[in-house]
Amino acid sequence: MKAEIKILDVALDISYCIESVMSPECGGIDVFIGTVRNKTKGKTVLRLEFEAYEKMAISEMQKIADHAFDRWPLHSVVVHHRTGVLNVGEVPVVIAVAAAHRDAAFEACRYIIDTLKQTVPIWKKEIFEDGEVWVAAHP
Amino acid sequence: MKAEIKILDVALDISYCIESVMSPECGGIDVFIGTVRNKTKGKTVLRLEFEAYEKMAISEMQKIADHAFDRWPLHSVVVHHRTGVLNVGEVPVVIAVAAAHRDAAFEACRYIIDTLKQTVPIWKKEIFEDGEVWVAAHP
Amino acid sequence: MTIEVLAFGIVKDIFGRSSMPVELDEPSVAALKKLLEQKYPRLKQIASYMIAVNNEYAGAEQPINMHDEVAIIPPVSGG
Amino acid sequence: MTIEVLAFGIVKDIFGRSSMPVELDEPSVAALKKLLEQKYPRLKQIASYMIAVNNEYAGAEQPINMHDEVAIIPPVSGG
């Protein structure tokens, strides 16, 4: 049982995340890769900016991983999240989950990204041609 | 909408599969990577051998991908499956699914691997120290 | 009518070969299964098996024609 | 008691800075929120916000001590 949680301001290394969770004891790995879309509600996105409250974000992500290990029989989990300016097509988040059986890997990976989006103090600003907006800030 | 379905007798290229589905129109990619476990029901596995009825396996995997595209709003799907001898830790299958939203990517990826294991004519022989067995062949 | 039947996985082990000529009086999937099970009783010991005709799973009533590609599909275990 | 409050995302824009000294008469999360909303009415226009004390989400009744690390957490949008 191990979890590697990181916030990085350089391009995330997807292969590294996958290799880190691979193990002879595992039969299935589920990987979620977030990517920056070129559109939000039909509007062209130029780029995103991610800001994190790093210490707390790491601690909240660690809690999510701990909870996933409690709930499913997992072998290992990697969560890497970007900060800084990301262009369309770049990768804000990679989550890799390895388990003996695929059910656990799929369910835990889904749980981790869903919960991360709800509780981890990281903020995303969308930059459009005609302005910018902090996502989810306003009702 | 595109699907790339392949049966290969060389090591699968996970990075290639992921890069193939990445696109500016997508916000989420889910990837399932099967790996050869060192144990089955407590017994040490030395290696696996995969055999495919290739033409039909491709056609069944294409049907699964088509059905996934009908059912979820997906952007692209890659399914690569190995044949031949695989050692512990090697990768028999990679499934990468890209969609605008992560729900579709997760659900479709899960559907594809679950259905693949039920309908696609590929067979796996487990080789132990003291014998070998075609998986699922006997009740 | 003689057809060539493809075998995979455990069925290849049962047949001792990957392809087998079968003389069919009645050209249907049900008749083929009956005939094979008579000749290879071990087929009845496996969990289940399907017949594929021209790369599609075939029902019991499906006819088999001379140049169809026919295959025995034991329980699959890919992935 | 003066505490330093960290701001992120839209709250940093509202404050015009990433860290802000606040003079607290009553050292609780509820009192801090009330004070901030008086000084920055725009805080009431955002969807919601939480207070974190020492890197943990804090309830309204939680006391705040002199050397606690206090942060305003507007709606998160990572991932």
Side-chain angles (χ1 to χ4, degrees), chain A residues 5-8 12 32-37 40 45 48-64 79-84 86 90-95 109-126 131-139, chain D residues 3-22 28-30 32-34 36-79:
Chain A
I5 313 286
K6 278 189 182 164
I7 292 178
L8 298 158
L12 302 187
F32 177 74
I33 301 158
T35 53
V36 177
R37 279 180 74 197
T40 296
V45 172
L48 297 183
E49 287 177 28
F50 283 87
E51 180 183 340
Y53 180 14
E54 284 208 21
K55 229 179 349 166
M56 181 172 171
I58 293 280
S59 132
E60 287 293 321
M61 289 195 277
Q62 186 64 55
K63 279 185 202 169
I64 296 171
V79 183
H80 283 193
H81 203 297
R82 267 298 297 276
T83 52
L86 276 81
E90 287 195 274
V91 174
V93 65
V94 178
I95 299 169
C109 188
R110 184 70 201 264
Y111 165 79
I112 292 168
I113 180 64
D114 287 355
T115 313
L116 183 155
K117 284 175 173 270
Q118 288 164 6
T119 66
V120 176
I122 297 178
W123 298 270
K124 170 165 61 191
K125 187 159 68 174
E126 286 170 338
E132 51 183 55
V133 62
W134 286 105
V135 176
H138 289 101
Chain D
I3 58 163
E4 197 70 23
V5 172
L6 304 176
F8 297 93
I10 189 144
V11 176
K12 198 164 68 178
D13 291 353
I14 292 172
F15 287 1
R17 54 206 285 190
S18 62
S19 158
M20 157 95 77
V22 175
S28 80
V29 164
L32 172 63
K33 283 182 124 174
K34 198 172 156 194
L36 290 171
E37 287 173 19
Q38 277 165 355
K39 203 166 164 191
Y40 299 96
R42 282 177 64 200
L43 270 181
K44 287 183 279 187
Q45 289 158 22
I46 68 175
S48 68
Y49 67 96
M50 303 278 283
I51 305 292
V53 176
N54 298 327
N55 300 293
E56 300 281 347
Y57 288 108
E61 301 310 311
Q62 186 163 327
I64 295 174
N65 298 307
M66 188 71 124
H67 297 291
D68 286 345
E69 183 174 310
V70 177
I72 319 292
I73 313 286
V76 302
S77 51

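Just so it is clear: chains get the letters A, B, ... in the order the sequence lines come, proteins before strands, and each one is counted from 1. All values reported here derive from a predicted model rather than from experimental measurement.
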**Study point:** Closest-packed option against chain D by number of heavy-atom pairs under 4.5 Å, given A:Ile122, A:Val133, A:Ile95, A:Ile58
**Key:**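 Answer, by heavy-atom pair count under 4.5 Å with chain D: A:Ile122.
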
Just how far is it from atom [atom1] of [X] to atom [atom2] of [Y], taken to the nearest 0.5 Å?
| X | Y | atom1 | atom2 | answer |
| --- | --- | --- | --- | --- |
| A:Lys125 | D:Asp13 | NZ | CG | 5.5 Å |
| D:Leu6 | A:Met56 | CG | CE | 11.0 Å |
| D:Ile73 | A:Trp123 | CD1 | CH2 | 4.0 Å |

Checking [X] against chain D: side chain, backbone, both or neither under 4.5 Å from a heavy atom?
| X | result |
| --- | --- |
| A:Gln118 | backbone |
| A:Val120 | backbone |
| A:Ala52 | backbone |
| A:His81 | side chain |

List the atom of [X], the atom of [Y], and the distance in Å for their closest heavy-atom pair.
| X | Y | value |
| --- | --- | --- |
| D:Gly78 | A:Leu116 | C-CD2, 4.0 Å |
| A:Pro92 | D:Gly79 | CB-O, 4.0 Å |
| D:Asn55 | A:Ser59 | O-OG, 4.0 Å |
| A:Phe50 | D:Ser77 | CE2-O, 4.2 Å |
| A:Thr119 | D:Val76 | N-CG2, 4.0 Å |

Exercise for review: State which residues pass side-chain hydrogen bond (donor to acceptor under 3.5 Å, both in side chains) with D:Glu56; sequence neighbours excluded, sorted by chain then number.
Suggested key: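 So D:Glu56 forms a side-chain hydrogen bond (donor to acceptor under 3.5 Å, both in side chains) with A:Lys63.
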
Review point. Could you walk me through whether D:Lys12 and A:Glu51 pass the side chain to side chain contact (heavy atoms under 4.5 Å, CB included) check?
Key: CA-CA 11 Å; D:Lys12 198 164 68 178; A:Glu51 180 183 340; 3.2 Å; yes

Point to revise | Per-residue contact mode, D:Tyr57 against chain A (heavy atom under 4.5 angstrom) | key: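 For D:Tyr57, backbone and side chain are both near chain A.
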
